[in-house]
Amino acid sequence: MFCYPQFGIVKKGNSFIVPRHRDQRQAALPLIVAAITAHGFSTEKYGATFWETTKNSYNELLSQAAGVDGSVSDQVGAKNQLRKEIVKTHNAIINVLRATTPTPIKR
């Protein structure tokens with residue numbers, strides 16, 4: 001009988017899954033590779049080679065995603081700064097228009 005935690009599998013509700021959170025999944029993938037080797041499934045179709053490739057691909061994509069997240073964060077910060085400058089400029093234009101436009105005479 002298998003011990004699911006050895007394979008990086010956790011119980012969620014009534015089912016067993018590989019964790020969905022990035023960091024937990026990254027920690028689970030090496031456990032899967034080690035458990036497959038330890039239990040003699042290395043030569044199977046979805047054996048050690050498959051899971052080692054999956055682990056390496058996941059780590060590479062995770063690092064790329066972290067880079068994109070940082071880039072997006074920088075761009076959002078720049079957008080917010082530009083938005084403040086636009087609001088300041090619009091308010092200045094409105095004030096100039098109010099100052100140069102005569103007020104209507106009330107009768």
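Bear in mind the structure is a predicted one, so any value in this text is a computation, not a measurement.
Atoms CG and OG1, on Leu82 and Thr89 in that order, are 10.5 Å from each other to the nearest 0.5 Å. The CG atom of Asn91 lies 8.5 Å from the CZ atom of Arg98; values are rounded to the nearest 0.5 Å. With rounding to the nearest 0.5 angstrom, the CD atom of Glu52 is 8.5 Å from the OG1 atom of Thr37.
Across Arg20 and Arg25, no two heavy atoms sit closer than the pair CA-NH2, 3.8 Å. In terms of heavy-atom proximity, Pro19 sits nearest to Ala28 at CD-CB, 3.9 Å.
Checked against side chain to side chain contact (heavy atoms under 4.5 Å, CB included), Ser57 has the following partners two or more places apart in sequence or in another chain: Thr53.
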From CA spacing to verdict: side chain to side chain contact (heavy atoms under 4.5 Å, CB included), Ile32, Val18: CA-CA 10 Å; Ile32 293 171; Val18 174; 4.3 Å; yes
The test is side chain to side chain contact (heavy atoms under 4.5 Å, CB included); show your working for Ile9 and Ile17 and say whether it passes. CA-CA 5 Å; Ile9 297 172; Ile17 61 169; 5.7 Å; no
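Ring geometry for His39 versus Phe7: interplanar angle under 30°, hence parallel rather than tilted (30 to 60°).
Surrounding NZ of Lys84 are at most 12 heavy atoms belonging to other residues, nucleotides or ligands under 6.0 Å away.
Following chains of ILVMFWY side-chain contacts shorter than 4.5 Å, one can reach Leu29 starting from Phe41, so the two form part of one hydrophobic cluster.
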List the atom pairs, donor and acceptor, that lie under 3.5 Å between side-chain atoms in residues 59-73 and the rest of the protein, sequence neighbours left out.
residue, atom, partner, partner atom, Å
Asn59, OD1, Gln26, NE2, 3.1
Asn59, ND2, Lys55, O, 3.4
Ser63, OG, Glu60, O, 2.7
Asp69, OD2, Arg22, NH1, 3.3

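Residue pairs meeting the ring-ring contact (aromatic ring centres under 6.0 Å, His included) criterion with at least one partner in residues 49-90, sequence neighbours excluded, are Tyr46-Phe50.
For the pair His21 (side chain) and Asp23 (backbone), a donor-acceptor distance under 3.5 Å is present.
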